[in-house]
Undergrad: 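Handing you a structure now.
Letters A, B, ... mirror the listed sequences (proteins, then strands); counts begin at 1.
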Amino acid sequence: MATKVPAPAQDQGQNLGAFETKRMRINVGPQHPSTHGVLRLVVDLEGERIRALRPHVGYLHTGFEKTMENRTYHQCVTYSNRMDYVNGFAHDLAYMVAVEHLMGARVPIRAQRIRVILNELNRIASHLVFFGTTLLDMGALTPFFYTMREREKLMDIFENVCGVRMNYGYFRVGGLRQDVPEEFVPLVRDFLKTFPAYLGQYDTLFMGNDILEARTRGVGVLTRQQAIDLCLTGPSLRASGVPLDFRKTAPYSGYDEYDFDVPCYDDGDIWARLQVRMDEMHESLRIVQQAVDRLEPGPTIDPDRRISLPPRWELEDSMEAVIFHFKLVTEGFHPPKGEVYVPTESARGELGYYIASDGGSMPYRVKVRAPSLANLQSLEVSSIGGLFADMVINIASFDPVLGDVDK
Amino acid sequence: MGLRDLFERDVQELEAEGFLFESLQNLVKWGRSNSMWPVTFGLACCAIEMMAATNSRNDMARFGSEVFRASPRQADVMIVAGRLSKKMAPVMRRVYEQMPDPKWVISMGACASSGGMFNNYAIVQNVDSVVPVDIYVPGCPPRPESLIYAVQQLQKKVRGEAFDERGERLPMVEGWSR
Amino acid sequence: MARVPFMMPKPADLLQLRADALGRLAELGGSVHVFKGMISVTLPKEQVISALRAVRDMGYEMLTDVHGMDYLTYPGHKGKRFSVVYDVHDLSGAERLFLRVDLDDGESVTTCTGIWPGASFLERECFDMIGVVFDGHPDLRKILTPEDLDGHPHRKDYPLGETPTLFNDGRFLDPPSFRAGLTGRDPGLTGWKGGTREGVSATQVPGPRSRLTSNLDAGEAGEN
């Protein structure tokens, strides 16, 4: 459909005349530098204004849920963190709390605190990636290197604990695979001492930047009611005025004993989404500080032998331990029949594993409520009417991870 | 023949006819291997480690991969980082075909090399069935150091310093004869 | 840019909300089932939309998920094959309700995109994976699987699609044989039959002795 754009006021008298524009449908992705993974968008443009936007996802569909139906509950841990690979501990923790709720397992305090420390450090790492890639999409190259530098320190901590930098397999049903090494607490304390200064630098460099402010204030606005209607959760929802945080209202893994704020702004624009995540990094540091201060020696896994493997020394003494070990390794434990869902707060939004068990050693059905799929719907509403260049940072501001979307 | 040919005909023709002088061949080897620009083809978790390979701690740019070109038309090497789903496979083939010769492919990670831990209806079990792969990098995900080592191995292969499993030297890679 | 303060919800309000909602859903024909603190209300198909609208107006303002369950191979399941579960919660996140609809193969349910536009992708995913059709959905098509994939992968009769592994010595093993014995359905190459799925709840008593645990027969092991 052609529309006639009238000549702008300053050209009148020069006979430049009006020119016709037509609505153009272009394809963005799935291989594109400005998408956070393989996201394909079909955008209807009129000039530079977006008139319609349709995301096409599924280019990373891996069939996680179906694969998890064919693995024992312990083996499923290797799959859960590969969905949202930037925030792997959140998925592991969400899966663990769901299975522990189903089994009735009791996680010891030390294990809960270590889980919280690792989860919050991972949240900081995820937000660092967010800032690096969002500002990279805006054209700023330096913040990417700064945030990645901090993230390397966090990956060192994770490597010290879990042995891998990414895609951890550290949580077990009932606690942790093994206790943390001695260097863990000094490393975390060192990070807590040095990171706030960098965070202050980032605050000044990113949020104090005039260009960033001009590009993001009032852009990609999503009102409160729109956000609720579109099933948005997480920091993007908190940037639209709804202070929803499952760590406070549905606490899991001991989150109710820590004192932290929930940053929430009511603007709904990209600036608010950036500010929420910047504030969340401060809050995560607070939580880690409190958790590390309260860390005391103790067991790190539920001693119930039906759920957790016995320690190696016990295998030399006790026949029952050998039998439990054998049963757990070859077959796995059998949860009671039923369906559970425990909501948790990942860096992207509400994350939960709906696990249906039929009494066997493998889950009957695992449905992952991944935040990024629902969050992606807000992209359409907040981008329409805006410019194409703004859409690029709008995608980034909702922080989708396509592994999370496509499962 | 002689210098006139060098100026009037282009390098590819001369090379095909076997006219490439040793020093020119060295120049081409040096140039091609030390400026391999990857195309951004990060799919999943390995993409994050690929990004980590470009950060200040493990700087891949010092080995020549200065920029990751978004347009495949400007890139030499495609690092397939992550699990390739069957929906994405035709897209990847199209991106590969858009790359100009000579081009290479590094299959990064277990999922790209063999399907990894995902043996199901949705994942291509070896990226080699879609594009010809030069270097496989094991790991889930491979450390950034592994990826840099893979890039170095590819550079050796490009320069003609690589050997196959029987110990025979592989020829210098010619993009248009593959 | 104004900061919105966070306030913890009052437990009394939440209990009131829950009681009101359960009362209203009971009026609409819902049957309540509680398991480990989760409240599920199974509703007849026709009442689902009015039930969702009612709970939304009462206070369960956010829809988390619309997902399908296939009970084809669920041991001891009597009733319809599929089930669509709507997961709603209130704005604080503390009160959660699961509304279920039981459906047979081929039955469809009305879409709830009229109530929550954000259910669009969620219902599309349910359709793609399980095959439940949502009447009135503005754009019901596959979302995650490729266009040329027929069928609905998360149905129980859809195969996982594993490729057999070729080992260096020429053996061609299919992956289910590696997991032999874990489900008890087929012993596979090893011959070991693991625990069955019917009601085995604890492994305190070791299962029947087999070759793999001991190569002594009963007499030698001191059992009789």
Undergrad: Of all the heavy-atom pairs spanning Ala2(C) and Asp267(A), show the shortest one and how long it is.
TA: N-OD1, 4.1 Å

Undergrad: Would you mind reporting whether Glu69(A) and Lys156(C) have side-chain heavy atoms less than 4.5 Å apart?
TA: yes

Undergrad: Tell me, for Arg141(C) versus chain A, whether the close heavy atoms (under 4.5 Å) come from the side chain, the backbone, both or neither.
TA: side chain

Undergrad: Where along residues 4-13 of chain C does a heavy atom come under 4.5 Å of chain A, listed by residue number?
TA: Val4(C), Pro5(C), Phe6(C), Met8(C), Pro9(C)

Undergrad: Ignoring hydrogens, what is the shortest heavy-atom contact between Leu376(A) and Phe121(C)? Give both atom names and the distance.
TA: CB-CE2, 4.3 Å

Undergrad: Taking the side chain from Lys36(C) and the backbone from Leu102(A), do they hold a donor-acceptor pair closer than 3.5 Å?
TA: yes

Undergrad: Side chain, backbone, both or neither: which part of Glu380(A) has an atom under 4.5 Å from a heavy atom of chain C?
TA: neither

Undergrad: Checking Ile130(C) against chain A: side chain, backbone, both or neither under 4.5 Å from a heavy atom?
TA: side chain

Undergrad: Is a side-chain donor or acceptor of Lys66(A) paired with a backbone partner of Pro153(C) at a separation under 3.5 angstrom?
TA: yes

Undergrad: Return the CZ to CG distance between Arg3(C) and Asp279(A), rounded to the nearest 0.5 Å.
TA: 5.5 Å

Undergrad: Please look at Tyr265(A) and chain C and tell me whether the side chain, the backbone, both or neither of the residue comes under 4.5 angstrom of a heavy atom of that chain.
TA: both

Undergrad: Answer with side chain, backbone, both or neither: which region of Asp70(C) has an atom nearer than 4.5 Å to a non-hydrogen atom of chain A?
TA: backbone

Undergrad: Could you grab the distance from atom OG1 of Thr62(A) to atom CG of Leu144(C), nearest 0.5 Å is fine?
TA: 9.5 Å

Undergrad: Taking non-hydrogen atoms and a cut-off under 4.5 angstrom, which of residues 87-99 of chain C neighbour chain A?
TA: Asp87(C), His89(C), Leu91(C), Ser92(C), Gly93(C), Ala94(C), Arg96(C), Phe98(C)

Undergrad: Is Arg365(A) reaching over with its side chain to a backbone N or O of Tyr71(C), donor-acceptor style, under 3.5 angstrom?
TA: no

